[in-house]
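Working notes, beginning with the structure itself.
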There are 2 protein chains.
Amino acid sequence: MAQAASPRRPTIRMVAERAGVSVATVSYVLSGRSSSPTTRVGDETAARVRDAAEALGYVPSSAARAVRTGRTGTVLLSLTMLSDPWSLALVEAVRRATRGTDLTPLVAADADWRPLVRSLQPDVVFIDDADRPGDAALLRTLAASGDRLVVMDPDLAPDGFDVIRNDDHAGCRLLAETLLDRYETVGLLSPNGIARLRPGGRPAAYVEALKARGLPVRPEWCPAAGDDESSAFRAALELLRRADRPQALMATSEYIGQAALGAAGALGLRPGTDIGIASVGNAFATTSRGLGMTSVGPERFFEAVAELLVSRAAGDDGTPPGEHFFEWQVFERESTLGA
Amino acid sequence: MAQAASPRRPTIRMVAERAGVSVATVSYVLSGRSSSPTTRVGDETAARVRDAAEALGYVPSSAARAVRTGRTGTVLLSLTMLSDPWSLALVEAVRRATRGTDLTPLVAADADWRPLVRSLQPDVVFIDDADRPGDAALLRTLAASGDRLVVMDPDLAPDGFDVIRNDDHAGCRLLAETLLDRYETVGLLSPNGIARLRPGGRPAAYVEALKARGLPVRPEWCPAAGDDESSAFRAALELLRRADRPQALMATSEYIGQAALGAAGALGLRPGTDIGIASVGNAFATTSRGLGMTSVGPERFFEAVAELLVSRAAGDDGTPPGEHFFEWQVFERESTLGA
DNA sequence: TTGTAAGCGTTATCAT
DNA sequence: ATGATAACGCTTACAA
């Protein structure tokens with residue numbers, strides 16, 4: 001016997017009327033503060049309220065709540081490249097960490113977080129691209145006006161917001177060294193190749209490792225892999241097809257690593273046996289090809305970031321916002337060791 | 001000379017004060033209705049307002065706006081398995097479709113949409129799992145109280161909300177037929193194998209195709225692939241390792257197809273040459289292995305769904321909510337044709 | 001052309 | 001133990 005569909009979405013007022021109490025009481029009961037020292041609602045009343053809410057299918061409007069409290073119960077993940085295994089790993093970690101919490105993770109894929117943070121007012125935001133000119137100043141302003149921000153950036157200094165700092169450069173240097181210990185020749189797959197090397201960047205670490213050993217840097221072994229998996233695949237394919245291809249490949253992102261793996265497979269080259277492949281990020285230990293991917297990156301990174309986000313969202317300002325530095329280590333797996 | 005950081009997030013009132021006008025005027029100017037017939041704001045005033053907003057870094061609170069107007073400017077995508085290429089393709093399509101709009105796509109990964117729809121009040125929601133007992137009734141109620149819903153489900157009937165219906169069964173039957181034309185033996189990789197066949201489901205179509213040709217259904221060729229890529233990989237690997245493995249494999253989801261491709265590669269089997277592999281969904285024409293994946297599915301599906309979402313969010317009730325049926329066709333590509 | 005003011009659904013401070 | 005009520009930031013008739 002479903003009752004006639006109510007034409008309007010149920011509000012707290014309707015619940016109050018149905019339960020024969022005031023809206024204040026409903027609010028107390030439903031927000032769990034019905035047993036605060038100041039406000040103690042009777043058990044029987046509370047039950048009536050809950051029944052009414054249930055019957056009406058009432059769920060508090062987070063918008064209205066946000067206007068009043070400033071909190072939305074939302075964790076915003078602004079991710080430029082959602083399909084990258086790295087991004088997916090973070091989403092999954094945050095999902096786990098928010099289980100049982102009243103927080104909802106929301107993902108904005110390849111969107112501009114700048115206006116979003118202000119308009120959506122999430123309880124905390126994760127940002128993976130803050131490299132536009134005015135960003136440092138903007139982040140400071142946002143943080144100063146109460147927004148909780150967790151930014152991943154190699155250069156930014158914390159300034160009211162948290163900064164995730166990865167040991168990018170040293171890590172990549174280490175990975176390059178590791179590969180050079182095992183292979184005579186190592187190529188590089190990075191989005192922009194080795195043109196216009198940014199000091200402290202990942203490609204730069206590769207170049208430095210070569211130079212430190214007195215090895216030549218061969219530009220034809222360092223093609224631009226582009227910003228998406230399919231262009232990375234083409235770049236990898238072309239490189240691996242060369243008669244003088246390197247014995248190993250180092251990919252500076254997970255999506256590039258995946259693509260390199262695919263290209264090797266397409267050419268019948270067995271990773272770890274015919275060709276060494278290593279990736280940066282350590283987002284996935286096991287690839288879709290079932291073999292372990294040698295990688296460099298932090299351990300338990302995603303869990304750590306997720307925990308930070310949750311604690312910031314909860315308003316934990318015990319530890320002031322600052323820099324979170326993640327040491328990187330090399331994980332040698334089948335893709336360079338063989339099966 | 002950046003001014004001292006304002007301690008509070010800027011509100012419409014601050015903008016009004018700074019510009020020396022009323023909040024109403026600010027609202028008019030910023031929401032673009034400054035040239036409505038009733039409310040025409042002077043050019044000079046408008047400019048002053050915009051300058052003030054700019055200077056303060058003011059962005060309207062979508063929460064406050066939502067309380068008033070009921071609109072959040074948000075498209076919610078509730079996706080159970082975000083890492084599935086199918087999901088990622090939808091996200092990308094929606095992102096494209098909302099470009100230039102004032103809509104923001106937000107992804108909720110593996111979350112419970114039931115309370116979310118009510119609390120977040122998105123302008124439209126896409127739902128890919130509405131198979132819990134009370135869902136049909138709940139969806140009706142939600143739709144009746146004004147929520148715009150687009151639900152993908154094989155069984156649900158539209159009832160104030162839109163239903164995306166795919167020609168699942170016929171499509172899979174067609175794919176199975178196509179494979180059986182080319183290969184003598186075909187295995188199946190579906191999440192639950194062929195135990196407890198749901199009539200009208202994808203595995204059922206496979207079984208029917210076999211039976212129609214008088215071919216035996218061999219359970220050992222239809223293992224349960226599980227709900228994630230790694231278990232699918234293991235299942236595919238085990239199946240392909242059998243001495244009596246089938247000549248071709250049909251995967252009922254994209255993530256399973258990816259896994260199968262990976263398993264083949266791991267065993268040194270060239271898809272299209274040594275083993276036929278086909279997938280269901282048609283989310284990606286080209287795999288990370290660079291070869292085309294034979295697939296069955298609708299054409300321009302993601303674009304169509306994205307367009308529907310945008311038009312619903314815009315409040316286009318010209319066409320009443322209903323069923324959107326997508327014909328499926330087989331796309332034969334290298335993974336069954338050879339390179 | 002612009003301002004006044006009511007009201008959206010909540011929460012929280014006070015009374016009662 | 002519960003209820004009035006102001007306030008949150010914004011939009012929108014309507015008045016000026």
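Proteins get letters first, then strands, A, B, ... in listed order; numbering begins at 1 in each.
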Is there a side-chain contact between [X] and [Y] (heavy atoms, below 4.5 Å)?
| X | Y | value |
| --- | --- | --- |
| A/His324 | A/Arg165 | no |
| A/Arg65 | A/Arg68 | no |
| B/Phe126 | B/Val305 | yes |

Can you tell me how far C1' of D/dC10 sits from CG of B/Leu56, to the nearest Å? 16 Å
Please confirm whether the backbone N or O of B/Thr72 pairs with a side-chain atom of B/Asp123, one donor and one acceptor, at under 3.5 Å? yes
For B/Thr98 and B/Val94, indicate whether the former's side chain and the latter's backbone hold a donor-acceptor pair under 3.5 Å. yes
When you compare the side chains of B/Asp128 and B/Thr80, does any donor N or O come within less than 3.5 Å of an acceptor on the partner? yes
Can you pull out how bent the helix from C/dT1-D/dA16 to C/dT16-D/dA1 is, comparing the axes over its first five and last five pairs, to 10°? 40°
Its contact letters, B for base, S for sugar-phosphate only and - for none at protein heavy atoms under 4.0 Å, make nucleotides 1-8 of chain D read BBBB-BBB
To the nearest 0.5 Å, what is the distance between [atom1] on [X] and [atom2] on [Y]?
| X | Y | atom1 | atom2 | value |
| --- | --- | --- | --- | --- |
| A/Tyr255 | A/Trp86 | OH | CH2 | 13.5 Å |
| A/Glu303 | A/Leu308 | CD | CG | 13.5 Å |
| A/Leu156 | A/Arg140 | CG | CZ | 11.0 Å |

Base, sugar-phosphate or nothing for B/Ser27? Non-hydrogen atoms, less than 4.0 Å. base
What is the 5' to 3' range of DNA chain C, first to last nucleotide, that sits under 4.0 Å from any heavy atom of chain A? C/dG9 to C/dT13
May I ask you to decide if the ring planes of A/Phe326 and A/Phe301 are parallel, tilted or perpendicular, using 30° and 60° as cut-offs? perpendicular
